[in-house]
Structure formats: C-alpha cells, structure tokens
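Below: one structure, written as structure tokens.
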Amino acid sequence: MATEFEKQFVNNVQRAHVHVAWVGDESSNVHVVIWPTWSGLSDFEKSFAEEVVSWGHTATAVDLYGVGNNPTEQQDKADTMMALVKDKDSLTALQSAICQEIAEAHPNKKLVHVGFCLGGRLSIEAGLHIPSSKGAASFHGLMNFHRAASHDEANQAAKFIIFNGYQDPMVDPDSASQARAYFDELGLDWQFVDFGRTKHSFMLPGSNAPQEGHAFSATASARGRNALRFFLNEIAE
C-alpha cells in the first residue's frame, strides 16, 4: 500500500461506522454496506441505513475518512477523492479491511454494497474485487471504477445494479456504454437502469443545481429505492 495513502486513510485513522440492527423478528441474511459520497459519512447515509433496516435487513454506513476528517470545501473533496481512488491495490486493501471488520460484527450475513456518487463507484469496486460480496448497487456512481482484468479475477458471486441519470454530465454515454459492455464481457449478473430527464445526485434531497448538472429527483429516488428493495430481497433468497 502506498505510503502517502497509508498516512491519509490508514495510519491513526479512527473510524466510527454506524451499525443499524433490525429490531423485532429475525432479520434477513443480507447486510448492507453503505458507501458515502465524496463528502464522507453524513446524516443522509445514516438515514438511508435506517430505511434499509426498515425493509428487514441490517446495515452499516461506512465512515470512509475517519472521525473529524470529512472534507468540507469542494476542492478538498475532489483532492481527497482522487487520493483515495488513485491506486487500485491500496483502495481494494482499504475496502477489504473495512468489509472484514463489518463481516466480523455481522457474521453469517451476505454483504451487499450500496453507494452514492463516489460511493456508487466504491460499491461497484467492492462487488468486483472483494470475494465475500454478494451484490452491489450504485446510485449516480462514477463509471471510471478500477476494472478486474479478466473473468477469473472478477468476483462472479456478486450481482450488480447501476442506477444512472440519463442527463448526468459525470456519466457520458460512452462511459456508460463501456461499463455495460465490460460487465457483459466478464459474464457478470448485471442491470443498468437509466432514469430519463434525471441528473447527477438524484438521490440527495439537498442537491439543487440543475445548471451544473446535479439535482434531486423525488421520482427517480422513489423508483430507485423500490428497485433496490427488490434487488436486496432477491439476494436474500
């Protein structure tokens, strides 16, 4: 793992993941790992974990950067994100360590990754590169994720579903097409859902800058949640 990466994301980083348990009857055999946006763990991811648990599963919202380390300025967010995703091996090692910790806290569960924006990309990467993963769902995620080099290298046990805004400027038609072709060439179980007249960050209620290409969509958000719920139930079977 790169030295600079270790200093920023591994060494002396105290994380406080938010674990949410089902209260009542026995929960399903699915545990949802929620990867945050480039802003880091926020109330949005925590509330989404609560909603997922209301569907009968258990969930963990990941503290990606560590307590008190969330970037606040746009440039800091961009710089931190780029440092995080720059090296495939370092990123995979960090995600694997986080998932191992979560798996130990929630044994005998199928890990399914869900993420938003940067977290959408991280969900895809966790699904591809971490063998214990059984599924991955990306909401307005970036398509420049680190690829597995071959069918044998990719995690064939995971199912993938990608929710994309057709008007998302961060996912141009070529990158979307290339991602679909890639999943298909590797023989993965995948779905790619385009929401028409929908921009980036469509799941985030506070997003309201359509002139910059990102805006919340209540319709796409509701449809995405319904499809995700079906996806998780399918994996739980």
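Residue indices begin at 1 and follow the sequence shown.
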Distance, nearest 0.5 Å, that separates OG of S90 from CD of E4: 11.0 Å
Would you say that more than 12 heavy atoms from the other residues, nucleotides or ligands in this model lie under 6.0 Å from the CG of N108, or not? no
Exam field: side chain H17 to backbone E101, donor-acceptor pair closer than 3.5 Å: no
Could you tell me how the ring of H200 sits relative to the ring of H140: parallel (under 30°), tilted (30 to 60°) or perpendicular (over 60°)? perpendicular
Checking S96 side chain against T92 main chain: does a donor-acceptor pair fall under 3.5 Å? yes
Please check if I124 and M81 belong to a single hydrophobic cluster, counting links between Ile, Leu, Val, Met, Phe, Trp and Tyr side chain heavy atoms closer than 4.5 Å. no
Donor-acceptor pair, side chain of S133 and main chain of A126, under 3.5 angstrom: yes
With a 4.5 Å cut-off on side-chain heavy atoms, are H129 and Q95 touching? no
Step through the shown structure and confirm whether more than 12 heavy atoms of other residues, nucleotides or ligands are within 6.0 Å of CZ on R223. no
Under a side-chain separation threshold of 4.5 Å, the hydrophobic residues clustered together with F139 are V30, V32, I34, F44, F48, V52, W55, V112, V114, F116, I161, F163, V193, F195, F202, M203, L204, L228, F231, L232, I235
Do S221 side-chain atoms and A218 backbone N/O form a donor-acceptor pair below 3.5 Å? no
Tell me whether Q211 at atom CD has more than 12 heavy atoms from other residues, nucleotides or ligands lying less than 6.0 Å away. yes
May I ask you to say whether K159 pairs ionically with E234, meaning some side-chain N is under 4.0 Å from a carboxylate O? yes
Relative to the ring of F192, is the ring of W190 parallel (under 30°), tilted (30 to 60°) or perpendicular (over 60°)? perpendicular
How long is the straight-line distance from OG of S47 back to CD of E45, given to the nearest 0.5 Å? 8.0 Å
Does T198 use its side chain to pair, donor to acceptor, with the backbone of G165 at less than 3.5 Å? no
May I ask you to check whether over 12 heavy atoms, not counting those of K86, lie within 6.0 Å of atom NZ? no
Indicate yes or no for a side-chain donor-acceptor contact from N155 to the backbone of I130 under 3.5 Å, with no hydrogens or angles considered. yes
State whether the side chain of R121 and the backbone N or O of N144 hold a donor-acceptor pair below 3.5 Å, judged by distance alone. yes
Under a 4.5 Å cut-off applied to non-hydrogen side-chain atoms, are V62 and V33 in contact? yes
Considering only NZ, NE, NH1 and NH2 on the basic side and carboxylate oxygens on the acidic side, decide whether K46 and E50 come within less than 4.0 Å. no
Strictly distance-based, threshold 3.5 Å: is any side-chain N or O of Q167 a donor or acceptor partner for the main-chain N or O of G196? no
According to a hydrophobic-cluster definition based on side-chain heavy atoms being under 4.5 Å apart (Ile, Leu, Val, Met, Phe, Trp, Tyr only), do F145 and L84 belong together? no
Looking at residues at least two apart in the chain, or sitting in another chain, which of them share a ring pair (Phe, Tyr, Trp, His ring centres under 6.0 Å) with H106? H19, H31
